[in-house]
Amino acid sequence: MNPIIRLRGVHKAYGELAVLRGIDLEVPAGQTVSVIGPSGSGKSTLLRLLMTLDRPDQGVLEIDGESPWTMEKNGSQQPADERHLRQVRGKVGMVFQHFNLFPHMSALHNVMEALLRVLRLPRTEAEARARERLSAVGLADKADAYPAHLSGGQKQRVAIARALAMQPKVMLFDEITSALDPELVGGILALLHEMSSKRTMTMVIVTHHMRFAESCSDRVVFFDEGVIVEDGAPKAIFHEPRHERTRRFVDAILGPEA
Amino acid sequence: MNAINNFGPPLLGGLAVTIGITLAAAVLAVVAALGGGLARLSYYRVVRWTAAVYVEVFRGTSTLVQLFWFYFVLPFFGINLSALAAGILVLGLNTGAYGAEVVRGAIVAVPRGQYDAAAALNMSRLQTLYRIVLPQAALAMLPPAGNLMIELLKNSALVSLITITELTFTAQLLRSETLRSAEIFAVVLLFYFLVALCITGAFRLAEGKLKKSAPG
């Protein structure tokens, strides 16, 4: 089976700063992958490329067998038009560290907006699906609340409901608990765990929660300085890392005895 | 009170013209400001530059001289505008040039994350602009836009110099007949002030409405 995510020799720099320096990664459909590594190692950039918010400087990036940035036309590869880009982009969804809810819309309308305008669902159907997703994240009673009146944890739940409602094949989670108060983290992680255990979506999770990464992912990828240092089963990464850098990172976070 | 009784009624016609010109120019200004502000953020350099030239030319030259150009000079190029058309055009484009900067500033102030979220939901660029960016930018635009509208009202007195009998011009006529400068201009000031007050109130109202629909 073809991988749903395929990266070959991907490089990305912002100005002078080389953030990704040759990434090879293949993720089969349905897998949950946690991406760990020190800050500034390029984890978030990887997700931005997968979400097609930024484009690679070099290398191959394919979602479900298609490159978002190039398309075949008259037998050769041409730069993609917006239509092709959106056709590929529609297979991916993302939840952000800072939620990025639309402040001028209620929770319900945050979820409904793209259902109405992108998927072009009829209004009743869009509302039904949005309400269903909101109750799935425990926010049925907050449908009419505006983001300003929600707690961080509630905002992130709305953001998750909003992304899930689009039913993407691939979901990306970019440090989605980092901006939350500690007591709210557990609930969000439990929600993630529930999603990944269904195995219906491919999930790529950038996280600092090692225990979570260990317990709920099929695979852990360790990033450092713009390259993938180690890639394997959670047990292997956390308990028998092959690389010194992985060991030091894991030890620093979990403590040597973990 | 006596001044208002004596000179209020004969000035009312002029006041109506002033309000009419201001409203017409305001509509043009809003269109020009939105167009100019968005054009300054365009992907295409030609569009950005054209908008920049428009903004800088209208901001950087005297409004009065612009009026003279549109009314007295353009006929030499075969373009004949009525005094009213020239007045509305210049006032509208002038205010629009300042407004374009307001629009641009407000749009730039919408956080990057909003564009990311819209893109992650696969919204088109146009949908992102109309549904996500402009509604948020609108709130930031209103207070400076209110200021500009009051400026526009006051600048409208300039069109008296291209023969339009608006409030100020009517006052001049009345003064040359009666020589009662103090009373006449007291009434004129009061009229301008009252209209400005209405503009302020309208913008406050709009701001309150927008805030209510988007708290925080």
Practice problem: Kindly give the heavy-atom pair with the smallest separation between B/Gly113 and A/Asn100, and that separation in Å. | Solution: O-ND2, 3.1 Å
Exercise. Considering non-hydrogen atoms only, spot the tightest contact between A/Met94 and B/Ala120 and give its length.
Key: CB-CB, 4.2 Å
Quiz prompt | CD1 on B/Ile132 to NE2 on A/His104, rounded to 0.5 Å | solution = 4.5 Å
Self-check item: Contacting moiety of A/Leu172, where chain B heavy atoms sit under 4.5 Å
Solution: neither
Quiz item: A/Phe102 versus chain B, heavy atoms under 4.5 Å apart: side chain, backbone, both or neither?
Solution: both
Quiz item: In this structure, are over 12 heavy atoms from other groups packed under 6.0 Å from B/Phe193 atom CZ?
Solution: no
Quiz prompt | B/Arg204, CZ: over 12 other non-hydrogen atoms inside 6.0 angstrom | solution = no
Exercise. Give the member of A/Thr52, A/Leu115, A/Leu101 that has the highest number of heavy-atom pairs under 4.5 Å with chain B.
Key: A/Leu101
Quiz item: Are the side chain of A/Arg86 and the backbone of B/Asn122 linked by a donor-acceptor contact shorter than 3.5 Å?
Solution: yes
Quiz item: Just by modelled atom types, is the A/Val118 backbone N or O under 3.5 Å from a matching donor or acceptor in the B/Gln127 side chain?
Solution: no
Quiz item: Which residue pairs satisfy the ring-ring contact (aromatic ring centres under 6.0 Å, His included) criterion with at least one member in residues 37-64 of chain B, sequence neighbours excluded?
Solution: B/Tyr54-B/Phe58
Quiz item: Taking only residues two or more places apart in sequence, or in another chain, which ones meet B/Leu126 in a side-chain contact (heavy atoms from CB on, under 4.5 Å)?
Solution: B/Ser124, B/Tyr130
Exercise. Sort out for me which of B/Arg131, B/Arg125, B/Gln136 touches chain A most, counting heavy-atom pairs under 4.5 Å.
Key: B/Arg131
Practice problem: Run the numbers on B/Asp116 and A/Met51 for side-chain contact (heavy atoms from CB on, under 4.5 Å), then give the verdict. | Solution: CA-CA 9 Å; B/Asp116 287 346; A/Met51 188 62 252; over 6 Å; no
Quiz prompt | Contact listing (chain B partner; residues 153-169 of chain A; heavy atom under 4.5 Å) | solution = A/Arg162, A/Met166
Quiz item: What pairs with A/Thr207 under side chain to side chain donor-acceptor pair (under 3.5 Å), at least two apart in sequence or on another chain?
Solution: none
Quiz item: Would a 4.5 Å heavy-atom cut-off, applied to side chains only, mark A/Pro103 and B/Gln114 as touching?
Solution: yes
